[in-house]
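Quick note on labels: first sequence line is chain A, next is B, and so on, each numbered from 1.
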Amino acid sequence: AQSVAQPEDQVNVAEGNPLTVKCTYSVSGNPYLFWYVQYPNRGLQFLLKYITGDNLVKGSYGFEAEFNKSQTSFHLKKPSALVSDSALYFCAVRDMEPNDYKLSFGAGTTVTVRA
Amino acid sequence: NAGVTQTPKFQVLKTGQSMTLQCAQDMNHEYMSWYRQDPGMGLRLIHYSVGAGITDQGEVPNGYNVSRSTTEDFPLRLLSAAPSQTSVYFCASSYSWVRGREGYTFGSGTRLTVV
């Protein structure tokens, strides 16, 4: 079974400060990991993914995420947050081993960046 | 370049009514799925399909039916609507497992209210 936990319902930061959104996962094999962002009344948009290779993954809009296998984590980071980064963020995982395509999502973290 | 198209965007049903949520993709994706999004619960998988003629249940399939007669279309049917089915529904698609390193492409969602 695969699962994802996002331990923080909300993250509040000031514009210009670093932003971190936490994610931990559980899979029986090796993971494919994803981050998505959802703006109000919109669908989910792909931010970045970890498949294999470098543990630091760079994605859209200046976001990056660090894969840590020993801690089973995939935290999303941005060095300097913008007010426009305020949105709902989802972490998702897919186990590489089973021959299916299912993604499991976390409950989401609401990010608010204040001016 | 339509991507994943969901219709309708909004719907209000009375308890006991039936309806079909439409989902179509023009990317020749083999995999299609339906999720429901509820506050604090993230996205939960309802049904999915790995190709035309093949469907399977996800985490929360009760009260929903699907079919996949073509690669492009994956409609979700509510058999007898209940207030517990009030939610936002998302359709998502992706390439096959061999090319499945990509994330999903999401539709813009259908907001359903059952009264």
**Prompt:** Are Y35(B) and F90(B) close enough that their ring centres sit under 6.0 Å apart?
**Reply:**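 Aromatic pair excluded; centres sit 6.0 Å or further apart.
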
**Asked** Taking the six-membered ring for Trp, is the centroid-to-centroid distance between Y89(A) and F63(A) below 6.0 Å?
**Response** yes

**Message:** Strictly below 4.0 Å, N to O, side chains only: are R114(A) and E15(A) in salt-bridge contact?
**Reply:**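 No salt bridge links R114(A) with E15(A).
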
Under 4.5 Å from a heavy atom of chain A, the part of [X] involved:
{"X": "R111(B)", "result": "side chain"}
{"X": "L45(B)", "result": "side chain"}
{"X": "E59(B)", "result": "neither"}

**Request:** Could you point out which residue of Y61(A), Y36(A), W35(A) forms a side-chain contact (heavy atoms from CB on, under 4.5 Å) with L48(A)?
**Result:**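 With L48(A) as partner, Y61(A), Y36(A), W35(A) yield a single side-chain contact (heavy atoms from CB on, under 4.5 Å), made by W35(A).
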
**Prompt:** By a 4.5 Å heavy-atom criterion (distance strictly below it), what part of Q45(A) contacts chain B: side chain, backbone, both, or neither?
**Reply:**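 The answer is neither part of Q45(A).
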
